[in-house]
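The structure under discussion appears below in the form of structure tokens.
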Amino acid sequence: MDHSLRCFGTTTPKTHFLFSLILLFFFFSFSNSTFDLATIPFSDGYSPLFGDANVVRTSDDNGVKLLLDRYTGSGFISSNMYQYGFFSANIKLPSNYSAGICVAFYTSNGDVFEKSHDELDFEFLGNIAGKPWRFQTNLYGNGSTHRGREERYRLWFDPTKEYHRYSILWTPKNVIFYIDEVPIREVLQSEEMGADYPAKPMSLYATIWDASNWATSGGRYKVNYKYAPFVTEFKDLVLKGCSIDPIQDAPYGEACTNQHADLEAQDYATMTPMRRHAMRRFRQRYMYYSYCYDTLRYSVPPPECNIIPTEQQRFKETGRLRFGGSHRRQARRKGRTTTPVVDADQGNM
């Protein structure tokens, strides 16, 4: 888990704006339409996880606000576990001073499979006033908590001003992370990954919590409760997948065959050439850390990594662009153990 932010080359407001237009061009020109998504009311698919008083539903039950104050954070969890699926929400992040805050939108089964859990993460990491939010995606499979697969990026928009859709597609064949309709990362199931590919039923979680000990500049900047409560908003929630009891319904695949086929037939499950091109451009422009090139953590890249020589040269031995950082383990997120990579210079953007 963790972050820092800088793109290779010099980023100016003009180039930033131009790239935003490029991504919009891909979206509007090469997607026939936005994803056809069926949303559900909060009460039909979710329940509070912790900090119940800080889980505030909207009057129409279409969404929920999660608050962090000096007493507690908050979170919600899906009512069911799913064997593969599409998990999505429109999210708006806290504005102003957000250092030390972590907002997470993720799937996990750590409460059921404590020593062999799977997980897929969006983790949004706050920053000091005037600096942009950073975020990462991560993947764990079969309890491989010491083999985190972090990638870190920055956004081409301000995530505190408007809602944007963040989605996780998880099928037997691949995992795709989306922002709006732009794919930003794909992980393929392969023999090389073996049991590290997540394959057991997972719940969907959303949380906001105090991660002062690591979230901003390796813990240099803490949550300042002068600005509390910190509020993140979720709406237009999507849960599509095979709902299953992980204890009663093993082996899982037999009960879900038809729903798996339906999931893989959806538009968002198809990585078209233009989507792949848009993903490549996003990663070239906005990905600033990749575990595949971090030889300080992995002297031999994990087997699923596709090493691209030009990228390897750019990222050097730390997996980062243009700056270093230290590595250390942290434990957090309501009992979950993770292996974050701490960037030491986040405040120097």
Side-chain angles (χ1 to χ4, degrees), residues 35-50 52 55 57-58 60-64 66 74-91 104-122 137-143 165-178 187 189 195-207 234-270 333-336:
F35 293 154
D36 182 16
L37 304 177
T39 63
I40 62 172
F42 180 86
S43 58
D44 285 358
Y46 309 89
S47 60
L49 176 65
F50 68 101
D52 292 18
V55 179
R57 304 181 193 186
T58 60
D60 61 3
D61 204 29
N62 184 50
V64 62
L66 297 182
S74 56
F76 63 85
I77 183 174
S78 61
S79 303
N80 298 313
M81 301 184 76
Y82 294 86
Q83 174 62 20
Y84 305 114
F86 185 78
F87 312 95
S88 183
N90 273 320
I91 305 173
F105 182 72
Y106 66 105
T107 65
S108 178
N109 50 34
D111 291 341
V112 177
F113 303 100
E114 294 183 5
K115 296 183 179 180
S116 60
H117 93 287
D118 306 300
E119 190 166 325
L120 299 169
D121 298 317
F122 269 111
T137 61
N138 206 347
L139 179 150
Y140 295 98
N142 203 36
R165 181 163 291 281
Y166 303 87
S167 307
I168 301 171
L169 171 72
W170 171 44
T171 80
K173 299 177 180 178
N174 63 346
V175 172
I176 302 176
F177 294 89
Y178 281 99
V187 179
Q189 189 279 338
D196 280 4
Y197 186 83
K200 297 185 295 296
M202 291 193 277
S203 301
L204 177 72
Y205 295 79
T207 58
F234 298 79
K235 70 175 184 177
D236 304 323
L237 300 159
V238 176
L239 284 175
K240 181 178 177 59
C242 182
S243 174
I244 198 166
D245 185 320
I247 305 301
Q248 300 294 324
D249 295 335
Y252 316 119
E254 295 179 5
C256 297
T257 301
N258 291 337
Q259 294 187 59
H260 291 170
D262 180 62
L263 179 68
E264 293 178 19
Q266 299 301 311
D267 177 57
Y268 47 71
T270 302
R333 185 119 63 75
K334 304 304 284 184
R336 184 195 123 196

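Heavy atoms only: backbone and side chains are in, while hydrogens, waters and symmetry mates are out.
In Asp60, the CG atom is crowded: over 12 heavy atoms of neighbouring residues, nucleotides or ligands sit closer than 6.0 Å.
Asn90 places a side-chain N or O within donor-acceptor distance of the main-chain N or O of Arg165, the cut-off being under 3.5 Å. Between the side chain of Asp118 and the backbone N or O of Tyr197 there is no donor-acceptor pair closer than 3.5 Å.
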For this session: Apply the test ring pair (Phe, Tyr, Trp, His ring centres under 6.0 Å) to residues Phe234 and Phe76: give CA-CA distance (whole Å), side-chain angles for both, the deciding distance (0.1 Å), then the verdict.
Result: CA-CA 11 Å; Phe234 298 79; Phe76 63 85; 5.4 Å; yes
For this session: Could you walk me through whether Asp111 and Tyr205 pass the side chain to side chain donor-acceptor pair (under 3.5 Å) test, one step at a time?
Result: CA-CA 12 Å; Asp111 291 341; Tyr205 295 79; 3.2 Å; yes
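A search for salt bridge (charged side-chain N to carboxylate O under 4.0 Å, His left out) contacts involving Glu264 returns Lys173, not counting sequence neighbours.
Nearest heavy-atom pair across His117 and Ser108 is CD2-OG, 3.7 Å. Nearest heavy-atom pair across Ser74 and Val55 is CB-CG2, 3.9 Å. Minimum heavy-atom separation, Pro198 to Leu120: CG-CD2, 4.0 Å. In this structure, Trp170 and Gln83 approach most closely via the heavy-atom pair CZ3-C, 4.2 Å. Heavy atoms only, all atoms of each residue included: Ser203 and Met81 are closest at OG-CG, 3.2 Å. Nearest approach of Ile244 to Pro201, heavy atoms of both residues: CG2-CG, 3.5 Å.
Between Tyr84 and Pro172, the closest side-chain pair of non-hydrogen atoms falls below 4.5 Å. For the pair Asn62/Asp236, a side-chain contact is recorded, criterion being any heavy-atom separation below 4.5 Å from C-beta on. Two residues are said to be in side-chain contact when any heavy atoms from C-beta on lie closer than 4.5 Å; Glu119 and Asn138 fail this criterion. Asp121 is listed as a side-chain neighbour of Tyr140, based on a closest heavy-atom distance under 4.5 Å. Between Tyr268 and Phe86 the shortest side-chain heavy-atom distance falls below 4.5 Å. Leu169 places a side-chain heavy atom less than 4.5 Å from the side chain of Leu263. Counting only heavy atoms from C-beta outward, the side chains of Leu239 and Ser78 approach each other to under 4.5 Å. Looking only at side-chain heavy atoms (C-beta outward), Leu37 and Ser88 come within less than 4.5 Å of each other.
The aromatic rings of Tyr82 and Phe87 sit perpendicular to each other, their planes meeting at more than 60°, with 30° as the lower class boundary. Note: Phe105 and Phe122 have tilted aromatic rings, judged against thresholds of 30 and 60 degrees for the angle between ring planes.
Side-chain N/O atoms of Asn142 and Asp196 include no donor and acceptor closer than 3.5 Å.
Distance check, rounded to the nearest 0.5 Å: CD1 of Ile168 to CE of Met202 gives 8.0 Å. In this structure, OG1 in Thr107 is found 11.0 Å from CD1 in Ile77, a value given to the nearest 0.5 Å. Once rounded to the nearest 0.5 Å, the distance linking OH of Tyr166 with CD1 of Ile91 reads 6.5 Å. Asn80 CG to Tyr46 OH: the interatomic distance, rounded to the nearest 0.5 Å, is 10.5 Å. Within the model, atoms SG of Cys256 and CG of Asn258 stand 9.5 Å from one another, a figure rounded to the nearest 0.5 Å. Atoms OG1 and CD1, on Thr171 and Ile176 in that order, are 7.5 Å from each other to the nearest 0.5 Å.
Geometrically, Lys200 engages Phe113 in a cation-pi contact, judged by NZ or CZ lying under 6.0 Å from the ring centre and within 45° of the ring axis.
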